[in-house]
Structures are given as C-alpha cells and as structure tokens.
Amino acid sequence: NISFVELVEQPLVKIIDSQAVVYVKLKEQRLNQFNAFMGILPNSYNSNQLSITGDVSLSLKNLFKRAVELQINWQKPQSSSQFLYTSLLIPYLLNTPFGSSFSFNLEKFDTTYIRLAYEIGLNYKVSAYQMLSFFYKNQSSQVLFEDSTFKLTNKLPNNLDYSYNQFGLQYKWNKTDRFIFPRKGLL
C-alpha cells in the first residue's frame, strides 16, 4: 500500500540454493503536483496601490527516494489576509518502522487576528495496512487590534486570544485494493 508505486504483476517466488528470492515488478506512479494562479487587485486600504492575490500548491511524494512527502499551500485571497499550510511526513526513520510527521499552519485574517498551529507526530507502522501515531498539537490565536469597548461596556469583545495544547493517539487502518482511487476495500 505505497502511493508512489504500483504492482504490475503478482510477485514471483523462486527457491535458489534453499533460499527464497522474491521478484517484484513495480511501476513508478507520478504523483507530484504543482498548481499556482496569481491575480492583481486594487488595494482596499490604499487606492494608489495594487495588491497581489493568489493560491500556490506544491505536493511532492517520494522525496529522496525515501517515501518522504512534502506539501505546501500558500493562499492570499485578500490584500491583508494570508494563509500558509505545510506538512512533512517521513514514514521510515533510519530504515525502521518508526516515522515522524510535522505540520505548520499560519492564518492571518485581515487586521483582525493571526492563528498559528503546529503538530508533531511519531508514527509506528504496525503492518502494511496499519499505523499507530502519537502526536502533540499546539494552536494559538492573537487578536491584532485592541478592542477598547471592553473598558466602557464591561463586556468581552467578540474576538479573544487563545492557546491550547493537545496530545493524542491515533490508529489508521487502510485495506483498499489501490492507494490512489481505490475501487473496493475499507478505511
């Protein structure tokens, strides 16, 4: 169940000098993606300037021929808003069934708030179809402007700063016939 290769024929087992040799014929799948579009808009804060908007996505599979996956997505839908989503998956550390994952997200919405989130995970590949993960996640948000109405009304503003930490244990089971576009099986 590897996304970047496909089994072409059933494996062939030959016994040579009392040792079993397995021959596997594989075909490499091209799964890397790059998408981008950019635009120019009038700046809503300064009428004499133009603002660049866009969406850029990069997805790389099987980096360094080690099954490493990297994904980056940058979006700028408005002149003062930006979003950045990144993730890195290293499924096998030092040729062991242990792996790691990391993700980082940044969301800046106008001049209202900025949200940061990151996740670090340690994965253990139980079998070709099963994975157990332990992860730590942190998310925080900061308001970028001070709401002075609180002092006058003694009522909390609509947007507040926050921060939280999360620890978790995750179990994945994937028993499908094909990793990309499965036709039958269970997730």
Side-chain angles (χ1 to χ4, degrees), residues 1-7 26-46 49-93 98-123 125 128-129 131-144 159 162-166 168 170-183 185-187:
N1 240 2
I2 301 172
S3 63
F4 51 86
V5 292
E6 183 179 13
L7 190 63
L26 301 173
K27 182 174 97 176
E28 187 175 347
Q29 299 278 66
R30 298 189 183 271
L31 298 174
N32 296 334
Q33 295 178 351
F34 177 74
N35 297 314
F37 69 87
M38 305 296 274
I40 298 174
L41 294 174
N43 191 326
S44 57
Y45 297 106
N46 187 346
Q49 292 181 347
L50 294 175
S51 183
I52 295 176
T53 63
D55 188 330
V56 178
S57 295
L58 176 67
S59 178
L60 301 175
K61 309 276 186 185
N62 197 21
L63 281 175
F64 315 115
K65 302 287 184 192
R66 296 275 183 205
V68 174
E69 296 180 17
L70 173 68
Q71 294 187 356
I72 300 171
N73 180 261
W74 171 80
Q75 299 172 356
K76 188 175 180 185
Q78 301 170 352
S79 62
S80 296
S81 297
Q82 288 194 71
F83 307 108
L84 176 67
Y85 307 103
T86 62
S87 69
L88 176 67
L89 173 66
I90 304 171
Y92 304 104
L93 292 173
F98 289 97
S100 65
S101 59
F102 176 76
S103 69
F104 174 78
N105 299 332
L106 178 134
E107 299 173 354
K108 180 180 181 280
F109 184 74
D110 202 13
T111 57
T112 311
Y113 67 87
I114 187 166
R115 182 181 306 147
L116 297 171
Y118 65 89
E119 183 175 328
I120 300 170
L122 180 64
N123 310 322
K125 196 114 170 141
Y129 306 105
M131 184 165 47
L132 188 64
S133 302
F134 176 75
F135 64 89
Y136 166 73
K137 183 177 184 177
N138 175 277
Q139 183 171 326
S140 63
S141 179
Q142 280 186 313
V143 176
L144 297 176
N159 297 318
Y162 73 88
S163 177
Y164 76 85
N165 296 308
Q166 180 180 8
Q170 181 180 22
Y171 175 74
K172 289 182 183 176
W173 186 62
N174 183 352
K175 189 77 172 169
T176 56
D177 61 340
R178 294 167 43 192
F179 193 80
I180 306 296
F181 305 122
R183 293 174 290 195
L186 296 171
L187 286 174

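For reference, positions follow the sequence shown, starting with 1.
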Q. To the nearest 0.5 Å, how far apart are CG in Asn32 and CG in Leu60?
A. 5.0 Å
Q. Between Ser80 and Lys108, what is the shortest heavy-atom contact and its length?
A. O-NZ, 3.1 Å
Q: Going by the side-chain contact (heavy atoms from CB on, under 4.5 Å) test, name the single residue among Ile90, Leu88, Leu89 that passes it with Ser100.
A: Ile90
Q: Compare all side-chain heavy atoms of Gln82 with those of Trp74 and state whether any distance is below 4.5 angstrom.
A: yes
Q) Closest approach of Ala67 and Asn62, non-hydrogen atoms and distance? A) N-OD1, 3.0 Å
Q: Examine distances only and state if a side-chain atom of Ser51 and a backbone atom of Leu41 form a donor-acceptor pair shorter than 3.5 Å.
A: no
Q.
Quick check on Phe64: does its CZ atom have over 12 non-hydrogen neighbours (other residues, nucleotides or ligands) under 6.0 Å away?
A. no
**Q.** Euclidean distance, Ser87 OG relative to Glu69 CD, rounded to 0.5 Å
**A.** 8.0 Å
Q) Is a side-chain donor or acceptor of Lys61 paired with a backbone partner of Leu63 at a separation under 3.5 angstrom? A) no
Q | pair Tyr85-Gln75: side-chain heavy atoms closer than 4.5 Å | A | yes
Q | Whether over 12 other heavy atoms sit under 6.0 Å from Ile52 CD1 | A | no
Q. Under 3.5 Å, side chain of Thr53 to main-chain N/O of Pro77, donor-acceptor pair present?
A. no
Q. Between the side chains of Gln139 and Tyr162, does any donor sit under 3.5 Å from an acceptor?
A. yes
(Q) Distance check, rounded to the nearest 0.5 Å: Ser163 atom OG versus Arg115 atom CZ? (A) 12.5 Å
(Q) So, taking the atom named CG in Leu84 and the one named CG in Asn105, what distance separates them when rounded to the nearest 0.5 Å? (A) 7.5 Å
Q.
What I'd like to find out is whether the side chain of Leu26 reaches to under 4.5 Å of the side chain of Leu7, using heavy atoms alone.
A. yes
Q. Going through the distances and angles, do Ser57 and Asn73 end up as a side chain to side chain donor-acceptor pair (under 3.5 Å)?
A. CA-CA 4 Å; Ser57 295; Asn73 180 261; 2.4 Å; yes
**Q.** Over all atoms of both residues, closest heavy-atom pair of Leu58 and Phe34
**A.** CD1-CD1, 4.0 Å
**Q.** Test item: Asn174 side-chain N/O and Tyr129 main-chain N/O as donor-acceptor pair under 3.5 Å
**A.** no
Q) How long is the gap from CG on Leu132 to NZ on Lys172, to the nearest 0.5 Å? A) 11.0 Å
Q. If you take all heavy atoms of Asp110 and Ser81, which pair is closest and at what distance?
A. N-OG, 2.8 Å
**Q.** Distance, nearest 0.5 Å, that separates CD of Gln170 from CE of Met131
**A.** 7.5 Å
